[in-house]
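Residue numbers count from 1 along this sequence.
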Amino acid sequence: MLKGYWVAHVDVKDQRVFEEYKQAAARPFARYGARFLVRAGQYDVREGEMHPHTVVIEFPTFADAMACYDDPDHQAAKAIRDPIADGDLVIVEGFGG
């Protein structure tokens, strides 16, 4: 089974509320075996445009990545984040070659 990844680029408008989202999202992330590979940090945009906050989360499988996103606890956490953050998120399957 190939791993699954969330790749997100986000612009956070209220860091205090975003911390609430992170606390609420911790439960479903733990449930589905999430492991943060990138969580903000220094960056250098070489092509295109990007939101300033990049996150890459690894899951044991693509199915786990999908299930975590759809999990009711994650959706409740997402409702906390949505009013204070704009961004893009893609769920992708890892490369097996």
**Q** Would you compute the distance between atom CD of E58 and atom CZ of R35 and round it to the nearest 0.5 angstrom?
**A**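 If we round to the nearest 0.5 Å, E58:CD and R35:CZ are 4.5 Å apart.
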**Q** So which heavy atom on V38 is nearest to which on T54, and how close?
**A**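 Heavy-atom minimum between the residues: CG1-O, 3.6 Å.
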**Q** Taking L89 as the starting point, is it possible to reach F62 by hopping between hydrophobic residues whose side chains are less than 4.5 Å apart?
**A**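 F62 and L89: one cluster.
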**Q** Angle class for the H53/F18 ring planes (parallel below 30°, perpendicular above 60°, tilted otherwise)?
**A**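 Taking F18 first and then H53, their aromatic rings stand perpendicular (interplane angle over 60°).
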**Q** In terms of relative ring orientation, are F29 and Y21 parallel, tilted or perpendicular, with 30° and 60° separating the classes?
**A**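 If you compare the ring of F29 with that of Y21, the planes turn out perpendicular.
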**Q** Measure the CD1-CG distance between I91 and D64 for me, rounded to the nearest 0.5 Å.
**A**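 Result: 11.5 Å between the selected atoms.
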**Q** Between P28 and Y69, is there a side-chain heavy-atom distance shorter than 4.5 Å?
**A**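 Not in contact.
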**Q** Might you point out which heavy atoms bring V10 and A85 nearest each other, and give the distance in Å?
**A**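 What the structure gives for the nearest pair is CG1-CB, 3.6 Å.
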**Q** To check you understand the geometry: which heavy-atom pair defines the closest contact between R31 and D71, and what is its length?
**A**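 Looking at all heavy atoms of both residues, the shortest contact is NH1-OD2, 2.9 Å.
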**Q** Looking only at non-hydrogen atoms, find the nearest pair between H9 and H51 and report the distance.
**A**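 For H9 versus H51, the nearest heavy atoms are O-CD2, 3.3 Å.
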**Q** Do you see a donor-acceptor pair shorter than 3.5 Å between the side chains of E19 and Q15?
**A**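 A pair is found: one side chain offers a donor N or O, the other an acceptor, under 3.5 Å apart.
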**Q** Does a sphere of radius 6.0 Å around CE in M66 hold more than 12 heavy atoms from other residues, nucleotides or ligands, not counting ones at 6.0 Å or beyond?
**A**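 At most 12 heavy atoms, drawn from other residues, nucleotides or ligands, come within 6.0 Å of this atom.
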**Q** According to a hydrophobic-cluster definition based on side-chain heavy atoms being under 4.5 Å apart (Ile, Leu, Val, Met, Phe, Trp, Tyr only), do M1 and Y32 belong together?
**A**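 No, it is not one cluster - the side chains of M1 and Y32 are not joined through contacts under 4.5 Å.
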**Q** Linking I/L/V/M/F/W/Y whenever their side-chain heavy atoms sit closer than 4.5 Å, directly or via other members, would L2 and I57 fall into one cluster?
**A**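 No, because L2 and I57 fall into different hydrophobic clusters, even though each may have its own neighbours under 4.5 Å.
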